[in-house]
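Note that these values count all heavy atoms, side chains included, but never hydrogens, waters or copies made by symmetry. Throughout, protein chains are lettered first and strands after them, A, B, ... in sequence-line order, and every chain is numbered starting at 1.
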Number of protein chains: 2
Amino acid sequence: MKKQEEKCDMLRLDKQLCFPLYACAKEVVRRYKPFLDELDLTYTQYITMMVMWEKKEINVKCLGKILYLDSGTLTPVLKKLEWKGYLTRERSKEDERNLRVMITDKGIKLKGLAEEVPMKVGKCVKLEAEEAEQLYELLYKVLGCMDA
Amino acid sequence: MKKQEEKCDMLRLDKQLCFPLYACAKEVVRRYKPFLDELDLTYTQYITMMVMWEKKEINVKCLGKILYLDSGTLTPVLKKLEWKGYLTRERSKEDERNLRVMITDKGIKLKGLAEEVPMKVGKCVKLEAEEAEQLYELLYKVLGCMDA
DNA sequence: TCCTTACGTATTGTGTACAATTTAATTTAC
DNA sequence: GTAAATTAAATTGTACACAATACGTAAGGA
């Protein structure tokens, strides 16, 4: 019965990596809400804009690969951001299957308003710089070492 | 303009902890799906049952504190698990505001079918035991050091 | 060319998440 | 002892997240 008991113990929240990962991600994202509310952005819209600020133009497939999101999630988010005037969407002339997502001037201006967000959230999470760096490395390691 | 540029750089996915955390959590949870499908459980139902296997009985408030979920999320999940026969829900006699959630025999039996899940998922995530331990510690540290 | 296959996006359906509000029960204040 | 405040769940509304499917376009092969 020893082996049985060991297996049982595995089925506890505090024995599995998945749970602190899941809980921690939700709690950290929640810390963004008050600051993103000021910009009238959701977290998903925010990370989408972060990619747009860097890339200026991209298609949905590419964006999804960067954000780990599929078109089912991105399509409504992109339509909303287009409606808000931060980006435009149009089919590529060369290949009509591709949707070109392009940032607008208003979208570029939004970046100025968002600049303080990372710092503000950082203050809510009291982690030493070294620990943050360690965590960062480990998370990217996990992202890289999972089966496809 | 140096300062301006430094601020700009912060607004990149690869400069912020939040994004790998968010992406990693989603990807790890996704790894559970094929194994949980065999049990006809969603991830949220699974972690709820993990608490129930340990506690046998609990109220919604308490469960929510453990899982970092509120009644708006838990109520439908608990109703579904009750419908599946894994637990029962009834108001407490001492304080009618409290809902007593109790595991059933069928719920207890389900644990036997779930025992292999953590090990199966563990094989998909190729992380050294030491690194997993480090990550675990850091995540709980973050959970503990955030402003309420 | 026509047919098949692959590809990129959109749509649909289910299940979370969570803020805000509501409802009912209990506690506290006076 | 009752009104006011507090509490626990449930409900409502918005926004993901993602599998599965549908749809249109493009590419490759006979």
Partners of B/Lys33 by salt bridge (charged side-chain N to carboxylate O under 4.0 Å, His left out), sequence neighbours excluded?
-> B/Asp37
Check whether any side-chain N or O of B/Asn98 sits under 4.0 Å from OP1 or OP2 of D/dA9, and answer yes or no.
-> yes
Counting just side-chain N and O atoms, does A/Lys79 come under 4.0 Å of either OP1 or OP2 of C/dT11?
-> yes
Length of the CD-P vector between B/Glu90 and D/dA8, whole Å = 19 Å
For A/Lys61 and D/dT25, give me the distance from atom NZ to atom C1', rounded to whole Å.
-> 15 Å
Between A/Leu99 (CG) and D/dA26 (C1'), how many Å, whole number?
-> 16 Å
Nearest-angstrom distance from the residue atom CZ of A/Arg91 to P of C/dC7 | 17 Å
Other residues, nucleotides, ligands: >12 heavy atoms within 6.0 Å of B/Lys65 NZ = no
Looking at every strand, decide which applies to A/Arg89 at a 4.0 Å heavy-atom threshold: base, sugar-phosphate, or nothing.
-> sugar-phosphate
Using atom CZ of B/Arg100 as one end and atom P of D/dA9 as the other, report the distance to the nearest whole Å.
-> 12 Å
Would you call A/Lys111 and A/Glu115 a salt bridge, taking side-chain N to carboxylate O under 4.0 Å as the test?
-> no
Output all residues satisfying salt bridge (charged side-chain N to carboxylate O under 4.0 Å, His left out) with A/Asp40, sequence neighbours left out; order by chain, then residue number.
-> A/Lys84
Using whole Å, report how far CH2 of A/Trp83 lies from P of D/dT14.
-> 13 Å
Calculate the interatomic distance between A/Glu82 atom CD and C/dT9 atom P; express it in whole Å.
-> 14 Å
Contact list for residues 128-139 of chain A, test salt bridge (charged side-chain N to carboxylate O under 4.0 Å, His left out), sequence neighbours left out = A/Glu131-B/Lys141
May I ask you to list the residues of residues 17-47 of chain A, by number, that have any heavy atom positioned under 4.0 Å from an atom of DNA chain C?
-> A/Tyr22, A/Lys26, A/Arg30, A/Lys33
Would you kindly compare B/Cys62 and A/Lys80 by the position of their nearest DNA chain D nucleotide and give the one closer to the 5′ end?
-> B/Cys62
Residues of residues 67-77 of chain B with a heavy atom under 4.0 Å from any atom of DNA chain D, listed by number, are B/Ser71, B/Gly72, B/Thr75
How would you list, by chain and number, every residue that makes a salt bridge (charged side-chain N to carboxylate O under 4.0 Å, His left out) with A/Lys126, sequence neighbours excluded?
-> B/Asp147
Between the protein and nucleotides 25-29 of chain C, list the N/O to N/O atom pairs that are separated by less than 3.5 angstrom.
unit_1 : atom_1 : unit_2  : atom_2 : d
C/dT26 : OP1    : B/Glu96 : N      : 3.0

Of all pairs that satisfy ring-ring contact (aromatic ring centres under 6.0 Å, His included), the ones with a partner from residues 126-148 of chain B, not counting sequence neighbours = B/Tyr136-B/Tyr140
Pair listing, ring-ring contact (aromatic ring centres under 6.0 Å, His included) test, anchored in residues 95-123 of chain B, at least two apart | none
What ring-ring contact (aromatic ring centres under 6.0 Å, His included) pairs are there with at least one residue in residues 45-74 of chain B, not counting sequence neighbours?
-> B/Tyr32-B/Tyr46
Pairs where residues 82-133 of chain B contributes a residue and the test ring-ring contact (aromatic ring centres under 6.0 Å, His included) is met, not counting sequence neighbours = none
Could you list the residues that satisfy salt bridge (charged side-chain N to carboxylate O under 4.0 Å, His left out) with B/Arg100, not counting sequence neighbours?
-> B/Glu57, B/Glu90
